[in-house]
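Structure first, commentary second.
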Amino acid sequence: FAPLQIVFALVFIRSIGLSQQIHDIDSINVAGSKLYERGEYKLALEKHYAALAIAESLQNENRIAETFGLLSQSELQLDLFDSVVVHCNRMLDIAQSIKNQEFEAAALRTLADVHSRRREYPEAMRFYTDAARIAEAIPDSAEMAIIYGNLGNVYGDVGQFDAALTLYRR
């Protein structure tokens, strides 16, 4: 009977440690997000990389994918497009493996943002359209609004103003 209690105690202690590490990931990511909101993108990256290291050590795919998304937003603001693509593709792979459509739509939207910023409009349109299809299926109205607005901007950039207006009205 006593050895069984010891095993349960050890499992309980380990779960407390894991819970604390997950809390640490979340806290560090929140701090990074606050820095992002203030325009301090390089400092935000440092925080998110610290959170990613913990998430990867725990092999927590949900937190890894979430952190890749946060990293990619700061990287996008710093025009670190190659890093954004790497992190979004890893986020997309994880999102598909854990069947998280919110992460999948966000990764596709951010990939579209990269193509839009690079003026690679056909690719941007394809990624925005894929992201919109997923966001509509969830449904995620906030994500859809961002996607439609960004897609409208792309249509406007290529001179398809009627299509842009249609998207802005959605």
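Nothing here was measured: the structure is a model prediction, and the numbers come from that model. Numbers here are sequence positions counted from 1.
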Say whether E120 and H115, considering side chains only, have a donor N or O and an acceptor N or O under 3.5 Å apart.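 Side-chain D/A pair, E120 to H115: present.
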Would you tell me whether R119 and Y121 have side-chain atoms, one donor and one acceptor, within less than 3.5 Å of each other?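 R119 vs Y121: donor-acceptor pair found between side chains.
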Transitively linked via ILVMFWY side-chain contacts under 4.5 Å: [X] with [Y]?
X	Y	answer
V158	L165	no
V154	F161	no
V114	L80	no

Student check: side-chain heavy atoms of [X] and [Y] closer than 4.5 Å:
X	Y	result
I25	L58	yes
L35	E46	no
L76	F81	yes
E102	E143	no
I146	N150	yes
S33	H48	yes
L111	N89	yes
Y36	Y41	yes

Keeping the roles fixed (side chain from [X], backbone from [Y]), state whether a donor-acceptor pair exists under 3.5 Å.
X	Y	answer
S116	A112	no
Y168	N153	yes
S72	G69	yes
S27	D24	no

Atom [atom1] of [X] and atom [atom2] of [Y]: how far apart are they, to the nearest 0.5 Å?
X	Y	atom1	atom2	result
L92	T110	CG	OG1	10.5 Å
M144	D140	CE	CG	8.0 Å
F103	D93	CZ	CG	14.0 Å
L52	K47	CG	NZ	15.0 Å
T67	N62	OG1	CG	9.0 Å
L43	K34	CG	NZ	15.5 Å

Salt bridge flag under 4.0 Å for residues [X] and [Y]:
X	Y	answer
E56	R90	yes
D82	R118	yes
R117	D113	no

For [X] against [Y], the heavy-atom pair lying closest together:
X	Y	answer
K42	L78	CG-CD1, 3.9 Å
A65	M91	O-CG, 3.5 Å
A44	G32	CB-O, 3.3 Å
L45	E75	CD2-CG, 3.6 Å
R109	I147	CD-CG1, 3.8 Å
E66	D26	OE1-OD1, 4.3 Å

Can you label the angle between the F68 ring and the H87 ring as parallel, tilted or perpendicular, going by 30° and 60°?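 Judged by the thresholds at 30° and 60°, the geometry between F68 and H87 is parallel.
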Y49 vs L71, side-chain contact (heavy atoms from CB on, under 4.5 Å): CA-CA, chis, key distance, verdict: CA-CA 7 Å; Y49 273 115; L71 277 169; 3.7 Å; yes
Could you go through the side-chain contact (heavy atoms from CB on, under 4.5 Å) check for M125 and Y155 one step at a time? CA-CA 8 Å; M125 289 177 185; Y155 275 100; 3.9 Å; yes
Taking it one step at a time, do N100 and E104 satisfy side-chain contact (heavy atoms from CB on, under 4.5 Å)? CA-CA 6 Å; N100 186 316; E104 190 174 352; over 6 Å; no
Does CD in E37 sit with more than 12 non-hydrogen atoms of other residues, nucleotides or ligands closer than 6.0 Å?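 Count over threshold, so yes.
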